[in-house]
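Worksheet: the structure to be examined is printed underneath.
All ligand and atom numbering here is 1-based and tracks the order in the structure.
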Amino acid sequence: MERTLSIIKPDGVAKGLIGEVLKRFEANGLKVAALKMIHLTKKQAQGFYAVHQEKPFFDSLTDFMSSGPCVVLILEGEGAIDKNRKLMGATDFRKADPGTIRADYASSIEQNIVHGSDAPETARFEIAYFFNALEIVN
Ligand code: CMP
């Protein structure tokens, strides 16, 4: 069993896609082990995306991520990290496979509906960023 951190970003929440995205996860063998809705501050968004702090899109990304509420969740299942990434599609929605969440709903490379951890170490950091042990169902 593997765990990964998923975020339904402010554009996904604003477009009314919480149910649609959760349905895709659950229909594809990913179980929700924790879930909450939060409105990140700019500082909290900067902390989460600290690995991107030197990137040209960092300021715009953290503005966007703190622009409205998002849903953060832990997905659990066999190969959860890869499975989630396949369901999301490529970061750039123009390169995402048809039928993926980003191909279907993203409007730009930044406003791409969902985030998902890209590796086990990243997943550990990202899960701990949002959830404590008491908030995760076993
Ligand atoms: P995410 O998977 O959350 O990881 C970093 C985020 O930065 C990415 O999705 C996009 O929302 C955003 N972003 C904006 N511009 C770029 C870019 N040129 N390349 C990669 N990510 C970008």
With sequence neighbours left out, the residues meeting side-chain hydrogen bond (donor to acceptor under 3.5 Å, both in side chains) with E126 are H115, S117
Contacts of K23 meeting salt bridge (charged side-chain N to carboxylate O under 4.0 Å, His left out) (sequence neighbours excluded), chain-then-number -> E20
query = What side chain to side chain donor-acceptor pair (under 3.5 Å) pairs are there with at least one residue in residues 65-80, not counting sequence neighbours?
reply =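 For residues 65-80, and leaving out neighbouring residues, the side chain to side chain donor-acceptor pair (under 3.5 Å) pairs sorted by first residue read R3-E76.
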* Taking atom types as modelled, is there a side-chain donor on K9 or N112 under 3.5 Å from an acceptor on the other? -> yes
Chain-and-number sorted residues having a heavy-atom contact under 4.0 Å with ligand 1 are K9, Y49, H52, F57, L61, T91, R102, I109, E110, N112, H115
Rounded to the nearest 0.5 Å, the CZ atom of F57 sits from the CD1 atom of I109 at a distance of 7.5 Å
Rounded to the nearest 0.5 Å, the OG atom of S6 sits from the CZ atom of R85 at a distance of 12.0 Å
